[in-house]
Every structure is written in C-alpha cells, then in structure tokens.
Amino acid sequence: MKGNVIVGQSGGPTAAINSSLAGVFRTAVDRGANKVYGMRNGIQGLLEERYVDLSEHIRNELDEELLKRTPAAYLGSCRYKLPEIAEDPAVYEKVFKILEKLDIECFVYIGGNDSMDTIKKLSDYAVVKGYKIKFMGVPKTIDNDLALTDHTPGYGSAAKYIGTSTKEIIRDCNAIEYKNGMVTIIEIMGRNAGWLTGASVLAKGEDCEGPDMIYLPEITFDVEKFIAKVKDLLTKKSSVVVAVSEGIKVEGGRYVCELSTGIDYVDAFGHKQLSGTATYLANRLSGELGCKARAVEFSTLQRAASHLISRVDINEAYAAGGAAIKAADEGDTGDMVILDRVSDDPYQCTTGLRDVHKVSNVEKTVPREWINEEGDYVTQEFIDYVKPLIDGEVPPIMMDGVPRHLYHCDKW
Ligand code: F6P
C-alpha cells in the first residue's frame, strides 16, 4: 500500500466491532499504509472533518489487545443515511474532497445493512467520477441479518451473552415458588430477524431445561394464544421463562410493543425504536392470570457484554477487518467481506468477498424450517448453526476489579 487508509464504524454497537477495527489497523500498517485515519462517528463525522490518526491512539500491542476487548464503537458510530447521489451531489463532492485531501487509497466502513448502503453509494460515485479510491465493507451487527454471509461478526458474542443470561435467569426463577406461579419474559433485540432471540435456546443443556417458549419476529404473534399457553404451563410448573423478540408483530403488522408504549422514535433509516414488548406481555399476564410476572429487557447489555465475548467471534471480526484491507490492496472495491462456513464439525470458517450491491438493504431472516411448526421454538438446525459461533472465551484484562477498555475519546 502506498497511500492512506480511512476507517469508520456505523450503526448499532457490538462487542466485536472494535476487533474488526484492530484487524483493519494492523493489516493496513503491515501492508505499508502511510497513515490509518479513523472517522469520528462514521460518515457523519467525516462530513464535519472529524477524524483522527489512529497510530497516535493505538500505540502498542497492549492497546491493540485492549481494543479487541472493548465493546461499543471505539471511533464512535452514527446512524446517518447518505442521500441518493442525484438528490444531493454536493454531499458526495464534499466527501471526496476530504478523501482526496487526506490522500486516501482505501475507505473501510464497518457496519450492518444501512452501512453497506453507504459503501454502495460511495463506490458507485467513485466509479462514475473516475476516482481510484477503493471502498470496502466489513460486516457487523448483533442482529445477524446481513445477506450472503454465513453470519456477522458481533452476533456470536451477543448470542453467548443471551444464552448465558437466559440460563442464569431460569436458575433464579426456579429458586422461589410463588402462589400463582411466576412468569419471566425476556425481551431480545434483532428487529425483524430472530437470530438473537433464537440464541436463548443455548441455555438448554443437561443442567438446564432452557426457555419454555421462544418467539421470533418471523412468525405472527397471537397474544391470546400465548396467554392461554402460559396458563396451561402454570398448571404444570411454578416458573415459566419465555424469550421474545423485540420485533414480534400481531396479525395486521403492528409491533406488540406498539400496543401499549406509544414510543414513536424513528431513526434516519426509518427504523422504529422497539422496546416494551416484554413489559406489555408481563402486564397482560399478571392482570389476566394473577401470577407474578417480570419483564427483563437485555437491551444494551446484550451488545456491550465484553466480559463474555466469544473467541470465535472476536477472531473472525479481526480477520474480516484484515481481509478488507488485503482485498482493497489487491484492487477490489465495492465489496463486502463475508464469512464462509466451510464445515460444522470441526467448525471452520474462512473470509470471502461479495458485491455490496447484493448485500445492502436486504434483511436475512431465520428460515421457516429452523422454527418449529407451532412457531414457539427453534429447531436442532438452528442450534447446530449457532453453537460453534459462541465457542471459546477472550478473558478481559482487568483493572480495579472490572474489565479495562481502550478509551481516548476525552482527548479527541
Ligand atoms: O441494529 C442493531 C440493533 O441492536 C437492533 O437489534 C436494535 O433494534 C437497534 O440496534 C437498537 O438501536 P439503538 O440503540 O439505536 O436504539
């Protein structure tokens, strides 16, 4: 590499996105990049000329190791939708002026569906205008809903947290026997894809029965049928634990969380904030069945749990970052790195490349045949798919009894 690299992070944070950043940084330096810049808050920050020279912040091996173990988005993230080129060419002119000023040879964006839309638009613009800059996407999302890749970095660590925490909740809920029984509803992220919610099945093993029911957004949810099912279960056991996706919808397409909360925040990509599903269902259950009912929202915890990251996930995230730089250095542009599962047992996975036009704005959901007939649990195929992704640990580097992170934002 002769020129400079710029890298940004975008979309919802994960526990593995910084490992991809570390992979981009290390590979770019090793391949001779002059400077590796980091955009502050993705493309939004770049448009305001907010960027940093990463070598001033990732100074040694300890910093690199800490970065891999630091959740969220080290550079800061954004949910910024680039306009269509014809709609606002001035935005593109501005971006490319900044990239030229910084002598950028390769632009890497680490993100999910919406971020791949950014790579698509920028690489299209570069081709039309004859710019030589390479644009590469590195997948990231706990939702695991990106097309053409077997799975996305960030998913495995979130799945590990969800399986573990669900197991701990089941253990806790079995401790006390309440008069009319106890129901715990666990609400899990993932929008319109049930990959994360399905991962609650990982609680199941020889020492744990697992959740009683698992409801994914791929299946229309029937509130009355659900209450009847819980009522029946409470005649057989004193504690019922149910995992629900934040994105479950009733017939007609309304989100369950919209039935009560009235939350109407919508981001730049038109995504509604989904929250309150578990609370709504818990209230309905305690009101109608007279049982104790508790709502647990994993919320931010499931994507920020750096103390419980999956080794497979962190290593793959790192490799994906490196693969983007290698591909750009070899002349690729307009592609996203994918993870290609070679075998399940032993689990083996390699990186590949796919045209970002075929990835952006396509949501990959859980196949119907990986959900049971009743629509309230996942099948063995789902378990076989997710299990290898949570394998192994990356122990945190502890300081004063809590995990240490790499953090310099106060100085930026
Ligand atoms: O895109 C990932 C995700 O974690 C979704 O699962 C969730 O709906 C969303 O982000 C929440 O985003 P925010 O933190 O911006 O509300």
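Numbering of ligands and ligand atoms starts at 1, following listing order.
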Any heavy-atom pair between the side chains of Y255 and N192 that's under 4.5 Å?
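A side-chain contact under 4.5 Å exists here.
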Can you tell me which residue and heavy atom of the protein come closest to atom 16 (O) of ligand 1, and the distance to 0.1 Å?
Q273 CG, 4.6 Å
List the atom of A15, the atom of I314, and the distance in Å for their closest heavy-atom pair.
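Taking A15 first and I314 second, the nearest heavy atoms are O-CD1, 3.7 Å.
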Would you mind writing out the side-chain donor-acceptor pairs for residues 214-224 within the sub-3.5 Å range, not counting sequence neighbours?
residue: E218; atom: OE1; partner: G194; partner atom: N; Å: 3.2
residue: E218; atom: OE2; partner: G194; partner atom: N; Å: 2.8
residue: E218; atom: OE2; partner: V366; partner atom: N; Å: 2.9
residue: D222; atom: OD1; partner: E224; partner atom: N; Å: 3.2
residue: D222; atom: OD1; partner: K225; partner atom: N; Å: 3.1
residue: E224; atom: OE2; partner: R284; partner atom: NH2; Å: 3.0

Tell me whether atom 10 (O) of ligand 1 lies less than 4.0 Å from at least one protein heavy-atom position.
yes
Would you check if the side chain of D376 reaches a backbone N or O of M213 as a donor-acceptor pair within less than 3.5 Å?
no
So is D143 in contact with ligand 1, going by heavy-atom distances below 4.0 Å?
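Yes; D143 lies near enough to ligand 1 that a heavy-atom distance drops under 4.0 Å.
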State if G112 counts as touching ligand 1 under the rule of any non-hydrogen atom under 4.0 Å.
no
Polar proximity ligand 1 side, G190 side, N/O cut 3.5 Å exclusive:
yes
Does ligand 1 come near enough to R79 that some N or O of the ligand is less than 3.5 Å from an N or O of the residue?
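Right, the criterion is met.
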Salt-bridged, E100 to K97, with N to O below 4.0 Å?
no
Got a salt bridge between K231 and E288, using NZ or NE/NH1/NH2 to carboxylate O under 4.0 Å?
no
If you measure from atom 4 (O) of ligand 1 to every heavy atom of H271, R303, Q302, K140, which option wins on shortest distance?
R303
Taking 4.0 angstrom as the limit and counting only heavy atoms of E246, give me the atoms of ligand 1 inside it, by number and element.
5 (C), 6 (O), 7 (C), 8 (O)
For ligand 1, which part of I142 has a heavy atom less than 4.0 Å away: the side chain, the backbone, both, or neither?
side chain
